[in-house]
Structures are given as C-alpha cells and as structure tokens.
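Report on the following structure.
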Amino acid sequence: MTAEQTTLETKLKNRTAKVVVVGLGYVGLPLAVEVARAGLNVTGLEVSAKKAESINKGISDIDDVTSADLKALVDNGSLTATLDSSCLNDADCIAICVPTPLSKTKDPDVSFILSAVEPVANALHPGMLVVLESTTYPGTTEELIRPKLEASGMTVGQDFYLAFSPERVDPGNKTYGTKNTPRIVGGTTPICARVASEFYRLFLDNVVTVSSTQAAEMVKLLENTFRSVNIGLVNEVALMCDRLNLDVWEIIEAAATKPFGFMPFFPGPGLGGHCIPIDPHYLSWKLKSLNYYARFIELAGDINSRMPEYVVDRIARMLNEDSKSVRKANVLVLGVAYKRDISDVRESPSLDVIRLLQVRGASVTYNDPHVPTVMMDECNLESAPLTEETLRAADCVVILTNHTAYDYNWICANAQMVMDCRNATKDVPKGVGRVWKL
Ligand code: SAJ
C-alpha cells in the first residue's frame with residue numbers, strides 16, 4: 001500500500017480529510033450536508049455568487065434540505081460555500097455534482113463536467129480522490145475525466161483515485177434521503193473503488209461497490225431508463241384505454257393487486273424533472289456511437305413527449321361537450337411543478353400544456369402552492385389565487401400536478417368542468433362536479 005493511500009485512508013478514518021463538493025444543487029447540497037454531518041470539513045465550490053451567498057447565510061433553496069439544518073452546519077464552520085477554486089488545492093476528496101443536460105439536438109451536454117474537471121486537474125495532488133456524481137453515459141469517467149487528470153503525469157490508482165458514484169435523489173421522498181439510500185460506487189481500479197467506498201461509508205448507511213466506473217454509470221442509467229420506459233408504457237396504455245372507453249386508473253389499480261411480477265406506474269401529462277426525461281438519452285446517444293439503436297428508449301421518449309399534446313386534445317374534446325372551443329376559453333391549470341409536493345418546474349410537462357393551450361388561443365392562468373412564479377418564454381407568470389370565483393370563471397380546470405395541498409372535493413364542486421390528469425379526484429364522490437380523467 002503506497003504512503004498516500006495510508007494518508008488518505010487515515011484522514012478519512014480520523015475525519016481530517018478535506019472535502020470539496022463541486023456544484024451545490026439538488027445533488028451537491030444534500031451530499032455536502034451529509035458529509036458535514038459526519039464531522040468532515042466540506043467546502044462547496046459554486047459558480048453562482050447568489051447561491052454561495054445564500055448558502056453561507058444558511059438559506060437552502062433545495063426542498064430536501066431545510067435552512068435550519070444547513071444554518072447549523074454553516075454556523076459551526078463545517079460547511080462553507082465559495083466561488084474560489086483554490087479551495088481545491090488542499091482538498092483530499094472532490095465530488096463533482098454538476099448538471100448533465102441535453103443539448104437542443106438531444107445530445108449529451110458534458111460542458112459542465114469539462115468546466116468542473118479543469119480546475120480539479122490543475123489542483124490534483126498525490127493521494128486525492130476524485131468522484132464524478134453527475135448522471136452520464138458509460139465511459140465518461142474513463143474517456144473524459146481520467147485523461148485530463150493523468151495529463152498531470154500522475155497515474156490513477158497509484159498517485160490519485162478516480163471513481164463514479166451516481167446520486168439517487170427522489171425529490172420530496174420523506175422516507176429515503178441521501179443518507180439512507182444505498183449508494184453505488186465504481187472505481188477505475190480496485191484501490192480507487194475501495195478508497196471511494198470508504199469515503200462514502202463515512203456518511204452513508206449502505207455503499208454497494210461495483211466492478212468499474214462504467215458499470216456504475218450504467219446502473220444509474222438502467223434505473224432511470226426503467227422508469228422512463230415503464231412510464232411510456234403506461235402512458236400508451238392510457239391512450240389505448242381512451243379508445244377502448246376504459247378507465248385506465250381502474251385497470252392499473254386492479255393489476256396492482258397482483259402480489260408479484262407487476263409494478264404500478266401511472267399515466268400523466270408527460271415526463272418532468274432533471275433526470276428521467278434526460279438520462280436515458282445519454283445512454284441511447286452512447287449506443288448510437290456503437291451502431292446500436294436503443295429502440296425502447298427512443299419509443300418511450302416519443303410517447304412521453306407527446307403526452308402534453310394529448311392532454312390538450314382531451315381538453316378540446318371536453319370543452320366541445322359545452323359547445324366551447326379552446327380558442328378564447330379560460331383555462332385554469334392546477335400544478336406547474338413536475339411532480340407533486342415539490343417546487344421544481346424543470347422540464348415540467350405543465351409548461352408544455354400551458355404553451356400548447358396558449359398557441360390554440362386559450363387564456364391560461366395557473367395556481368401552484370409551491371410555485372409562486374414561473375418564467376415562461378421570457379415572461380413571468382404568477383400563481384393565481386385559488387378561490388371559488390377563479391374556479392367558476394374557468395371554462396375548464398386542469399389538474400396537472402396532484403399536490404396534496406389541494407381540496408379536490410371543493411375544486412370539483414366549484415369548477416364548471418375538471419380535467420384530471422393524475423387521478424387526483426379518485427376520492428371525490430361521484431356526482432360532485434363534472435370530472436374527466438386521463
Ligand atoms: N411520472 C409519471 N408516472 C409515474 C412516475 C412518474 O408520469 O408513474 C412522472 C412524474 O410526474 C415526473 C417524472 O415522471 O414528471 C419523473 O418522476 P420521478 O419521480 O421518476 O423522477 P424524479 O426526477 O423526481 O426522481 C427520480 C427518482 N425517482 C424515483 O425513483 C421515484 C429516481 O428515479 C432518481 O433517483 C432521480 O430521478 C434522479 O436524480 O435520477
């Protein structure tokens with residue numbers, strides 16, 4: 001065992017290792033909080049002065065990290081945020097948690113990873129552990145990051161350690177958080193895997209080590225592709241049930257009584273969030289470069305991305321019952337967050353539905369108790385108050401996000417008609433209001 005390994009492992013064991021988390025967003029901030037809670041000194045390296053400033057004031061903009069928890073760690077000095085990359089110079093462990101979006105042509109945009117790796121490579125010193133957490137295609141760690149680090153002349157697995165460990169954050173999940181969600185770790189070499197697993201075992205309950213960084217990258221993509229494909233399947237089942245004049249929600253609920261071999265997914269207005277709509281396309285892009293066409297991923301993406309259009313068609317059909325057209329209709333949208341009980345609107349299908357309704361000439365307002373304002377096509381929309389008047393004034397009320405804060409009985413009783421895209425009204429007694437469901 002080389003001296004540096006002993007040094008790093010000793011530092012990990014006696015909690016003197018200095019940790020830098022690059023990117024304090026939905027992934028980096030919960031990670032930094034758990035590292036600090038475990039008694040390690042952690043610095044968050046940010047590019048946003050506004051974000052760094054609010055974190056150093058103990059203000060969290062992440063639903064799953066309370067400001068009180070954050071402030072306690074900032075006040076006791078175990079967690080600080082900075083814009084200054086010189087914090088990397090004496091770092092022992094660096095976790096890179098930056099966005100991996102898609103470009104306009106649905107290709108991976110790894111520019112954030114590349115921008116993050118550059119200062120890390122410049123600060124690389126013997127004994128340092130570098131872990132990429134951002135969801136990306138198999139091969140990213142070995143093909144993009146490793147060469148930039150080894151350009152220093154140091155050798156991975158001997159002089160420094162390199163690993164991939166994907167985040168598994170389910171925003172709004174009150175049962176599973178960063179600490180108690182099993183964590184996958186894959187290293188470039190066995191020593192890298194061991195050191196990285198030791199790092200995570202300091203502050204996470206369960207670490208699962210796999211054989212390589214590529215394996216770890218693929219595990220994450222399988223998880224999210226599994227969701228995207230199954231959501232695509234159930235959205236197509238909704239389209240089938242519409243044509244068969246069946247209640248898709250009844251069908252799924254009954255199928256879910258099967259105690260084995262079935263896992264319920266539910267139709268909706270489309271796929272939102274910074275992961276599920278995006279990550280599977282990282283995998284299909286990589287496979288295209290290997291002359292393989294990932295049909296399930298592309299098909300699911302096609303079905304899921306068409307759901308907003310389908311919702312608008314259903315609204316048009318519903319208005320038609322009252323001899324109304326979408327043009328000039330007043331439509332009230334309930335919920336712009338991409339899923340219930342959170343405030344995140346990234347990739348939210350609600351925004352697509354609103355845009356499509358506006359293109360067809362409808363006048364659209366929204367209410368979302370978690371989203372006071374939303375930026376749409378360079379203009380700000382404000383959440384309208386939800387009152388009996390606003391409900392009655394709408395020709396149609398559309399439930400796109402089934403926040404638990406809503407009183408669905410009251411909504412159905414006061415709305416002229418309701419389009420329920422989430423089965424949110426399942427407990428509303430029959431006969432209360434006029435309700436259509438996806
Ligand atoms: N959705 C459906 N039908 C379903 C489930 C979800 O339409 O049956 C929609 C949601 O409304 C949402 C989108 O799909 O718009 C994504 O929902 P999600 O909960 O699958 O995705 P995220 O991004 O909130 O969190 C997911 C994690 N969620 C779960 O495991 C339940 C997990 O897949 C990842 O850890 C995480 O993305 C990530 O960061 O990759």
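Atoms considered below: every heavy atom in the structure, side chains included; atoms not considered: hydrogens, waters and symmetry mates. Numbers here simply count residues along the sequence, with the first being 1. This one's a predicted model, so the numbers in the text were calculated from it and none came from an experiment. As the structure lists them, so they are numbered: ligands from 1, and atoms in each ligand from 1.
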Please could you name the atoms of ligand 1 that Gly272 approaches to less than 4.0 Å, counting only its heavy atoms? 12 (C), 13 (C), 15 (O), 16 (C)
With a 3.5 Å cut-off and no angle check, do the side chains of Asp420 and Thr425 form a donor-acceptor pair? yes
With heavy-atom distances below 4.5 Å as the criterion, would you say the side chains of Leu88 and Ser85 are in contact? yes
For atom 21 (O) of ligand 1, what's the nearest protein heavy-atom neighbour? Residue, atom name and distance, please. Ile276 CG1, 3.4 Å
Can you check whether Gly268 has an N/O within less than 3.5 Å of an N/O in ligand 1? no
Ring centroids only, cut at 6.0 angstrom: are Phe296 and Phe226 within range, meaning strictly under it? no
Among all the protein's non-hydrogen atoms, which is closest to atom 3 (N) of ligand 1, and how far away is it? Phe266 O, 2.7 Å
Here's a test for you: under side chain to side chain contact (heavy atoms under 4.5 Å, CB included), which of Thr140, Val156, Thr213 qualifies with Arg146? Val156
Is there a nitrogen or oxygen of Arg227 sitting under 3.5 Å from a nitrogen or oxygen of ligand 1? yes
Roughly how far apart are Asp395 CG and Asn330 CG, rounded to 0.5 Å? 5.0 Å
Polar contact flag for Pro349 and ligand 1 (N/O pairs, less than 3.5 Å): no
Using the six-membered ring wherever Trp is involved, compare the ring planes of Phe266 and Trp249 and label them parallel, tilted or perpendicular (cut-offs 30° and 60°). parallel
Give me the nearest non-hydrogen protein atom to atom 28 (N) of ligand 1 as residue plus atom name, then the distance to 0.1 Å. Asp170 OD1, 3.4 Å
Please indicate whether any nitrogen or oxygen in Arg168 is less than 3.5 Å from any nitrogen or oxygen in ligand 1. no
How about His274 and Arg346: does a side-chain donor come under 3.5 Å of a side-chain acceptor? yes
Heavy-atom distances under 4.0 Å decide this one: backbone, side chain, both or neither, for Asn224 against ligand 1? side chain
Which residue owns the protein heavy atom closest to atom 19 (O) of ligand 1, what's the atom, and how far is it? Lys339 NZ, 2.8 Å
Relative to the heavy atoms of Phe265, which atoms of ligand 1 are at a distance of less than 4.0 Å? 8 (O)
Considering heavy atoms of the protein only, find what lies nearest to atom 22 (P) of ligand 1 and give residue, atom and distance to 0.1 Å. Tyr338 OH, 3.6 Å
At a 4.0 Å threshold, what atoms of ligand 1 neighbour a non-hydrogen atom of Lys220? 34 (C), 35 (O), 38 (C), 39 (O), 40 (O)
So is Arg422 polar-close to ligand 1, meaning N/O to N/O under 3.5 Å? yes
